[in-house]
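Take a look at the structure below.
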Amino acid sequence: MGVIRVRREILEELLAQARADPQHECCGLLSGRESVVTRIHPAPNALASATEYEIAPANLFAIMSAMRAEALELMGIYHSHPAGENRPSARDIRRAYYPHAAYFVLSPLGGAPRPIRAFSICQGRAEEFDIETV
């Protein structure tokens, strides 16, 4: 199991976002430097769905351009699972187009034992990361 390092305030912001509208999946990108996630880039869920998410191409382009302008690297992609376990679904695994990014799956449920989980998804397999708070 690998490790992904994330600043504490980013983890807090991820949970706040997932809980702000728990009926719909939230989504966005995570970036940083020197192997630490330091920025969150929220995006509207173009599908406005409780069971799937999509970042519109224009939003994705704008976020990637902003990251490039600030010399940040893409480190993760996140979304929430309003109901059910926060691990990658079969659809999440099929649509994991960035094998070098960590995929964060959030639970808005107050009693979730691990409301934030992160995974490496490559060639149809999901392996969980340990999340190290920095």
Side-chain angles (χ1 to χ4, degrees):
M1 185 180 302
V3 174
I4 183 129
R5 300 172 64 217
V6 184
R7 292 182 65 178
R8 178 175 310 283
E9 60 269 20
I10 299 300
L11 296 173
E12 292 168 359
E13 194 170 337
L14 286 171
L15 277 182
Q17 220 181 94
R19 292 174 177 159
D21 183 9
Q23 283 73 31
H24 295 99
E25 290 195 9
C26 69
C27 57
L29 303 181
L30 299 167
S31 64
R33 292 187 183 98
E34 299 175 13
S35 302
V36 177
V37 176
T38 59
R39 287 285 301 275
I40 184 170
H41 307 271
N45 181 348
L47 303 177
S49 170
T51 59
E52 60 185 318
Y53 75 99
E54 182 175 297
I55 300 173
N59 290 333
L60 187 60
F61 180 80
I63 293 169
M64 293 289 216
S65 294
M67 283 192 292
R68 190 171 23 260
E70 294 182 47
L72 297 168
E73 60 186 279
L74 173 66
M75 297 190 68
I77 300 165
Y78 71 90
H79 72 284
S80 61
H81 281 182
E85 192 172 359
N86 60 325
R87 67 175 173 183
S89 67
R91 179 184 301 122
D92 294 337
I93 291 171
R94 279 194 313 274
R95 297 178 75 194
Y97 303 124
Y98 296 88
H100 299 294
Y103 286 83
F104 286 73
V105 186
L106 319 171
S107 172
L109 305 175
R114 293 184 305 161
I116 301 174
R117 297 172 71 188
F119 300 84
S120 167
I121 304 176
C122 189
Q123 298 180 336
R125 293 189 47 168
E127 303 281 331
E128 191 162 7
F129 283 112
D130 279 332
I131 298 173
E132 179 182 326
T133 305
V134 295

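- Applying the salt bridge (charged side-chain N to carboxylate O under 4.0 Å, His left out) rule to Glu132 yields the partners Arg5; only residues at least two apart in sequence or on another chain are considered.
- Not a single side-chain contact (heavy atoms from CB on, under 4.5 Å) links Ser35 to another residue, sequence neighbours left out.
- Leu47 belongs to no hydrophobic cluster with other residues, because no ILVMFWY side-chain heavy atom falls under 4.5 Å from its own, directly or through intermediates.
- Hydrophobic clustering, with ILVMFWY side chains joined whenever heavy atoms are under 4.5 angstrom apart, keeps Leu74 apart from Tyr78.
- A distance of 6.0 Å separates CD1 in Ile131 from CG in Leu11, rounded to the nearest 0.5 Å.
- Every residue meeting the side-chain contact (heavy atoms from CB on, under 4.5 Å) condition with Pro88, not counting sequence neighbours, appears here in chain and number order: Asp92, Ile93, Val105, Phe119, Ile121, Ala126.
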Please report the C-alpha distance between Leu60 and Leu29 in whole Å, then the side-chain angles of each, then the deciding distance to 0.1 Å, and finally whether the side chain to side chain contact (heavy atoms under 4.5 Å, CB included) criterion is met.
-> CA-CA 9 Å; Leu60 187 60; Leu29 303 181; 3.7 Å; yes

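- By the rule that hydrophobic residues join a cluster once side-chain heavy atoms approach within less than 4.5 Å of another member, Val6 and Leu72 end up as members of separate clusters.
- Note on residues 56-73: pairs passing side chain to side chain donor-acceptor pair (under 3.5 Å), not counting sequence neighbours, are Arg39-Glu70.
- Distance check: Ile116 CD1 to Leu15 CG gives 3.5 Å after rounding to the nearest 0.5 Å.
- Shown here are the salt bridge (charged side-chain N to carboxylate O under 4.0 Å, His left out) partners of Arg94, two or more places apart in sequence or in another chain: there are none.
- For Ala102, the side-chain contact (heavy atoms from CB on, under 4.5 Å) criterion is met by Ile4, Phe104, Phe129, not counting sequence neighbours.
- With sequence neighbours left out, Arg125 forms a side-chain contact (heavy atoms from CB on, under 4.5 Å) with Glu127.
- For the residue pair Tyr98 and Tyr103, the shortest heavy atom distance occurs at N-OH, 2.9 Å.
- Arg91 places a side-chain N or O within 3.5 Å of a backbone atom of Thr51 that can act as its donor or acceptor partner.
- Taking every heavy atom of both residues into account, Pro82 and Ala50 meet most closely at CD-O, 3.4 Å.
- A salt bridge (charged side-chain N to carboxylate O under 4.0 Å, His left out) check over residues 103-116, counting only residues at least two apart or in different chains, returns the pairs Arg114-Glu128.
- To the nearest 0.5 Å, atom CZ of residue Arg7 and atom CD1 of residue Ile40 are 13.0 Å apart.
- Atom CG of Leu106 is separated from atom CG of Leu14 by 5.5 Å, given to the nearest 0.5 angstrom.
- Note that CZ of Arg33 and OG1 of Thr38 are 6.5 Å apart. Values are rounded to the nearest 0.5 Å.
- One distance of note links CG of Leu30 with CD1 of Ile63; it measures 10.0 Å at 0.5 Å rounding.
- Residue pairs meeting the ring pair (Phe, Tyr, Trp, His ring centres under 6.0 Å) criterion with at least one member in residues 25-65, sequence neighbours excluded: Tyr53-His79.
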Going by atom type alone, with no hydrogens or angles, which donor-acceptor pairs under 3.5 Å involve a side-chain atom of residues 20-27 and a protein atom two or more places apart or on another chain?
unit_1, atom_1, unit_2, atom_2, d
Asp21, OD1, His24, ND1, 3.3
Asp21, OD2, His24, ND1, 3.0
Glu25, OE2, Glu52, N, 3.3

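- Residue pairs meeting the salt bridge (charged side-chain N to carboxylate O under 4.0 Å, His left out) criterion with at least one member in residues 74-87, sequence neighbours excluded: Glu85-Arg87, Glu85-Arg117.
- Proximity of a side-chain donor or acceptor of Asn86 to a complementary backbone N or O of Pro115 within less than 3.5 Å is detected.
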